[in-house]
Amino acid sequence: MGLLDKIKGELVDIVEWLDDTRDTIVWRFPRYENEIKMGARLVVRESQTAVFVNEGVIADVFQPGTYTLETQNLPVLSTLKGWKHGFHSPFKAEVYFVSTRQFTDLKWGTKNPVMMRDPELGMVRVRAFGAFSARVTDPQVLLRELVGTDPQFRTDEVHEYLRQNVVSHLASVLASSGIPVIELAAHHGDLGTQLATRLTDELSDLGIAVPKFVIENISLPPEVEEALDKRTSMGIVSSGTVGSMAAFQQFQAGQAMEAAADGGGSAGAVIGMGLGQGVGNAIVPPTQPAPAPAPAATSGPPPLPGWYLGNGGAQTGPFDDAALAGQAATGTLTATTLIWRAGMAGWEPAASVPDVAKHLGATPPPLPQA
């Protein structure tokens, strides 16, 4: 420091702090060798508190206002220095300005999931994030417990400690609330108020309060959210069964079986059912047997009892044994008529199938020649 700066420092008679930052909590007023002229003017603005420290001991505290520094308004400092009759010489003291406004740009979030017991889903893991505000309620306690001799104490020096306190109380507040996970969004405000109260009580020994606590989001693991989406779908397609775990298991079983069919019955699709011991009871058998599909032109008739005839590309039937004899009597069934029934590999001429050929009648041998 040059001679001119030294002289200016000794002649400055205004002690004040104009904060040009948004994150400074405590700022120490710079003085040359900490000397302050008796009769200097102290300016403490709104949202500020000025604390005088003499040789490491907190002396006088000034609230917002303008003061002339004399022995009359420095009673503690006067006692510490032994000023019995007052004087006008410069004196040494440290002046700390403490910001008492709310610091609102503090973020919080859970690095690891928080376990909680849901009344319907059981044990679940949740993540959450949001913001909170903090303010100094007792500047003297803050100086003793956190600041010490730091000339510029910022929010980042205490932010991580505050975040850890938030996470430590979050699990207990969620667990004691008794609110199902799917309804937490409607109670963010109430939960935030509870957390703000708990944190304020916890941090009172440091001279800090948390007037506002905001929960922006509480989320579940992706697989649980996917299951809840399926449950919502089940509630739409299953009238009258919304919220029923039995109906949800049936819905899951159907989706898993469909996935297994589409994927060729892979083991992954079977595991995807995830229904535990309730799977067997979740699948309800049909009350009536399903009818067989209609016969396709390329694969033959379905496996129904009776015989089918094919003449000129047209298919008729099925015919039982008596009806088959009638078809032979009318000439519809001939030796070259194609026939088929369940169990045959394909269509064959009637004459080559003994059970059908018996209805064709005997064919007389050729007459002898004279």
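- Between K92 and I36 the shortest side-chain heavy-atom distance does not fall below 4.5 Å.
- Taking 4.5 Å as the limit, some side-chain heavy atom of M116 sits within range of a side-chain heavy atom of V124.
- Atom CD of E145 sits about 7.5 Å away from atom CG of D205, to the nearest 0.5 Å.
- More than 12 heavy atoms of other residues, nucleotides or ligands sit less than 6.0 Å from atom CD of E223.
- E16 has no carboxylate O lying under 4.0 Å from a charged side-chain N of R41, or vice versa, which leaves the two without a salt bridge.
- I215 is connected to V114 through a chain of hydrophobic side-chain contacts under 4.5 Å among Ile, Leu, Val, Met, Phe, Trp and Tyr, so both are in one cluster.
- The shortest non-hydrogen separation linking D23 to R101 is N-NH2, 4.2 Å.
- For D150, there are no salt bridge (charged side-chain N to carboxylate O under 4.0 Å, His left out) partners, not counting sequence neighbours.
- Between L195 and V166, every side-chain heavy-atom pair lies at or beyond the 4.5 Å cut-off.
- Remark: aromatic rings of W347 and Y308 are distant, center separation not under 6.0 Å.
- Scanning all heavy atoms of the two residues, the minimum distance from H169 to S172 falls at O-OG, 2.9 Å.
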Residue pair S219, E225: steps toward the side chain to side chain donor-acceptor pair (under 3.5 Å) verdict | CA-CA 8 Å; S219 61; E225 292 184 348; 5.0 Å; no
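- Between L184 and L174 there is a side-chain heavy-atom pair separated by less than 4.5 Å.
- Linking ILVMFWY side-chain heavy atoms closer than 4.5 Å, directly or via other members, places I218 and I182 in a single hydrophobic cluster.
- Remark: side-chain polar atoms of R163 are paired, donor with acceptor, to backbone N or O of G109 under 3.5 angstrom.
- Put simply, the side chain of T21 reaches to within 4.5 Å of the side chain of R154, judged on heavy atoms.
- The shortest heavy-atom contact between W307 and D355 is CZ2-CB, 4.0 Å.
- Separating the CZ atom in R28 from the OG1 atom in T149 is a distance of 6.5 Å, to the nearest 0.5 Å.
- Between F103 and I208, the closest side-chain pair of non-hydrogen atoms is not below 4.5 Å.
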Would you give me the side-chain donor-acceptor pairs under 3.5 Å for residues 130-144, sequence neighbours excluded?
residue: S133; atom: OG; partner: Q102; partner atom: OE1; Å: 2.8
residue: S133; atom: OG; partner: K212; partner atom: N; Å: 3.3
residue: R135; atom: NE; partner: T100; partner atom: O; Å: 3.3
residue: R135; atom: NH2; partner: T100; partner atom: O; Å: 3.2
residue: T137; atom: OG1; partner: G207; partner atom: O; Å: 3.2
residue: D138; atom: OD1; partner: Q140; partner atom: N; Å: 3.3
residue: D138; atom: OD1; partner: V141; partner atom: N; Å: 3.3

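- Between W27 and F97, the angle of the ring planes lies from 30° to 60°, which puts this pair in the tilted group.
- Between atom CD of residue Q327 and atom OG1 of residue T337 there is a gap of 9.0 Å, rounded to the nearest 0.5 Å.
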Check the pair R341 / E348 against salt bridge (charged side-chain N to carboxylate O under 4.0 Å, His left out), numbers first and verdict last.
-> CA-CA 10 Å; R341 73 173 176 182; E348 297 183 14; over 6 Å; no
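- Here Q164 pairs with E160 under the side chain to side chain contact (heavy atoms under 4.5 Å, CB included) rule; sequence neighbours left out.
- A distance of 6.0 Å separates CZ of F62 from CG of L42, quoted to the nearest 0.5 Å.
- Using a 4.5 Å heavy-atom threshold, the side chains of D60 and N73 count as separate.
- In this structure, Q48 contributes its side chain and R45 its backbone to a donor-acceptor pair below 3.5 Å.
- Under the 4.5 Å side-chain heavy-atom criterion for Ile, Leu, Val, Met, Phe, Trp and Tyr, L170 and Y161 are members of the same hydrophobic cluster.
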